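Quick notes on the structure that follows.
In this text the structure is predicted, and so the values were computed from the model without any measurement.
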Amino acid sequence: MKISILDDYHDTLRTLDCFRKLDGHDVTIWNDHVQDTDALAKRLADTEVLVLIRERTQIRSLLIERLPKLKLISQRSVYPHIDIDACTERGIVVSSSQHPGTPSYATAELTWGLILSAMRQIPQQMASLKAGNWQIGVGSTLRNKTLGIFGYGRIGSAVAGYGRTFGMNVVVWARPQTMARAKAEGYLVAPSKADFFESCDVLSLHMRLVDATRGIVTAADLARMKPTALIVNTSRAPLIEPGVLVDALRSGRPGMAAVDVYEEEPVRDTKHPLLNMANVICTPHLGYVSREEYELQFTDIFDQIAAFAAGGPTNVVNPDVLGSAARRSA
């Protein structure tokens, strides 16, 4: 089959062990990022299988209707960037493993790296030293501070464990059934959302972006945070209401942020406000970007392609399409 892979920025996939799973297929890998519909339609005109790296490219109806040969989209995790209804209408199978029980430890580890970096001012201190200066200020330790986990899922629970190891007081705010699980695992649960934001010294977001969580962090929530507090977002930017994080940081509540995700990616504008604030640490959506995580993710993605080629698609998120897809392949 003709397979196209988008947004492999560093041409990494062909170096993975699991890439051998695509032997025998005609594979094209694109290393740049393109969102223009006309350009994508031209690139993917002969594509039968489209491989996506998370949510880097939006796959909407205007593009889908211009890809007559497309039979399968294979990816991993959530899929708000794909028009599932349009795929179903066109007979395109969407396979996306939700990897139950396998958290992204890469994201959890990066989250902790950002927490340490922000609280101890590591990037700023390094920049000062390289500029010929010495210490520029005094950081803060984590022991006995309160770590808030907003969303106690697979990644959130891993970050909570790191907090416990560092001697922090871990408190959770999430859906009722999730808070019950956190409590059963020995963590505190906040009495209210307001108390949660008021009490945390470090607050880390760990939720999927769905309609119910979009904008779940409001300006009022941020205004309740301590002027010494840090908010960390390695999940999705739209969990926070548009624009309110920058305003909150300028007003001093919270006092710091560490951000790995943005409303529009990739960020190329050096004038982006978050990139120009002394109290913010920014990384370019590195959470899941590790060789080990890629091996896990793309093993699933390439196995989905093999299953489809063998006539038994797996992890299908639009099962209504299977009958029409079979007729289309015949």
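- At least one side-chain heavy atom of Leu239 sits less than 4.5 Å from a side-chain heavy atom of Leu209.
- No more than 12 heavy-atom neighbours from other residues, nucleotides or ligands sit within 6.0 angstrom of CG on Asp211.
- Using a 30° and 60° split on the angle between ring planes, Tyr288 and Tyr294 fall in the parallel class, below 30°.
- Dense packing is recorded around CD of Gln177, with more than 12 heavy atoms of other residues, nucleotides or ligands lying under 6.0 Å away.
- With respect to Lys71 and Glu48, a salt bridge is recorded, a charged nitrogen being found less than 4.0 Å from a carboxylate O.
- A distance-only check finds no donor-acceptor pair linking the side chain of Gln297 to the backbone of Glu295 [under 3.5 Å].
- A ring-centre distance under 6.0 Å is found for Trp112 and Phe166.
- Between the side chains of Thr88 and Asp85, no donor-acceptor pair of N or O atoms lies under 3.5 Å.
- No donor-acceptor distance shorter than 3.5 angstrom exists from the side chain of Arg208 to the backbone of Ser235, with no hydrogens or angles considered.
- The backbone N or O of Arg60 sits nowhere less than 3.5 Å from a side-chain atom of His81 that would complete a donor-acceptor pair.
- Heavy-atom minimum distance, Arg291 versus Thr12: NH2-CG2, 4.1 Å.
- Contact of the Ile73 side chain with the Val93 side chain is not registered, since no non-hydrogen atoms from C-beta on lie closer than 4.5 Å.
- Between Asp11 atom CG and Asn31 atom CG the span is 4.5 Å, to the nearest 0.5 Å.
- Between Asp300 atom CG and Gln75 atom CD the span is 11.5 Å, to the nearest 0.5 Å.
- Using modelled atom types and a 3.5 Å distance limit, the side chains of Arg90 and Ser61 yield no donor-acceptor pair.
- Using a 4.5 Å heavy-atom cutoff, the side chains of Arg120 and Ser140 are not in contact.
- Contact of the Phe298 side chain with the Phe19 side chain is not registered, since no non-hydrogen atoms from C-beta on lie closer than 4.5 Å.
- Rounding to the nearest 0.5 Å places CG of Asp260 at 12.0 Å from CG of Leu205.
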From CA spacing to verdict: salt bridge (charged side-chain N to carboxylate O under 4.0 Å, His left out), Asp38, Arg66: CA-CA 9 Å; Asp38 290 338; Arg66 296 176 63 181; 2.6 Å; yes
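- Asn233 places a side-chain N or O within 3.5 Å of a backbone atom of Arg236 that can act as its donor or acceptor partner.
- Of the residues listed (Leu275, Asn276, Leu114), the one engaging Cys282 in a side-chain contact (heavy atoms from CB on, under 4.5 Å) is Leu275, and it is the only one.
- A donor-acceptor pair under 3.5 Å is formed between the side chain of Arg56 and the backbone N or O of Asp7.
- The minimum heavy-atom distance between Met1 and Ala309, with the atom names listed, is CE-CB, 3.8 Å.
- Taken together through direct or relayed side-chain contacts under 4.5 Å among Ile, Leu, Val, Met, Phe, Trp and Tyr, Val78 and Ile82 form parts of separate hydrophobic clusters.
- Side-chain polar atoms of Ser204 and His206 form a donor-acceptor pair below 3.5 angstrom.
- The shortest heavy-atom contact between Pro254 and Ala229 is CB-O, 3.5 Å.
- Placement of Tyr79 and Val261 in two distinct hydrophobic clusters is found when ILVMFWY residues are connected by side-chain heavy-atom separations under 4.5 Å, directly or transitively.
- Other residues, nucleotides and ligands contribute more than 12 heavy atoms inside 6.0 Å of the CZ atom of Arg253.
- Linking ILVMFWY side-chain heavy atoms closer than 4.5 Å, directly or via other members, places Val202 and Ile122 in two distinct hydrophobic clusters.
- At distances below 3.5 Å, not a single donor-acceptor pair connects side-chain atoms of Thr213 with backbone N or O atoms of Ile216.
- The backbone N or O of Trp134 lies less than 3.5 Å from a partner atom in the side chain of Ser128, making a donor-acceptor pair.
- Among all heavy-atom pairs drawn from Pro266 and His33, the shortest one is CD-CD2, 3.4 Å.
- Under the 3.5 Å distance criterion, the side-chain polar atoms of Gln35 are left unmatched by any main-chain donor or acceptor of Thr37.
- Formation of a donor-acceptor pair under 3.5 Å by the Glu89 side chain with backbone atoms of Ile92 is not found in this model.
- The closest donor-acceptor contact from the side chain of Gln304 to the backbone of Thr299 lies at 3.5 Å or more, if one exists at all.
- Checking Tyr152 against Glu185 by side-chain atom types alone, a donor-acceptor pair falls below 3.5 Å.
- Between Asp26 and Lys2 there is a salt bridge, since a side-chain N of the basic residue sits under 4.0 Å from a carboxylate O of the acidic one.
- Cluster annotation: Met126 and Leu116 are assigned to distinct hydrophobic clusters (Ile/Leu/Val/Met/Phe/Trp/Tyr, side-chain heavy-atom contacts under 4.5 Å, transitive).
- Of the inter-residue distances, the one linking Lys69 atom NZ with Asp46 atom CG reads 4.0 Å to the nearest 0.5 angstrom.
- At a threshold of 4.0 Å, the pair Asp32-Arg43 counts as salt-bridged, since one of the basic side-chain nitrogens sits closer than that to a carboxylate oxygen.
- A salt bridge does not link Lys226 with Glu198: none of the charged nitrogens is closer than 4.0 Å to a carboxylate oxygen.
- Leu147 is not listed as a side-chain neighbour of Val171, based on a closest heavy-atom distance of 4.5 Å or more.
- The side-chain heavy atoms of Phe150 and Val217, taken from C-beta on, include a pair separated by under 4.5 Å.
- No hydrogens or angles considered: nothing links the side chains of Asn315 and Ser95 as a donor-acceptor pair under 3.5 Å.
- Annotation: side chain of Trp173 is in contact with side chain of Met179 (closest heavy-atom distance under 4.5 Å).
- Between Met277 atom CE and Leu249 atom CG the span is 4.5 Å, to the nearest 0.5 Å.
- Taking the charged nitrogens against the carboxylate oxygens, Arg14 and Asp8 have no contact shorter than 4.0 Å, which rules out a salt bridge.
- Rounding to the nearest 0.5 angstrom, the gap separating the OG1 atom in Thr146 from the CG atom in Asn169 is 5.0 Å.
- No continuous path of hydrophobic side-chain contacts links Leu40 to Leu62 [ILVMFWY only; heavy atoms under 4.5 Å].
- The minimum heavy-atom distance linking Val170 with Gly163 is given by the pair CG2-C, 4.1 Å.
- Side-chain contact between Leu245 and Val259 is present, with at least one heavy-atom pair separated by less than 4.5 Å.
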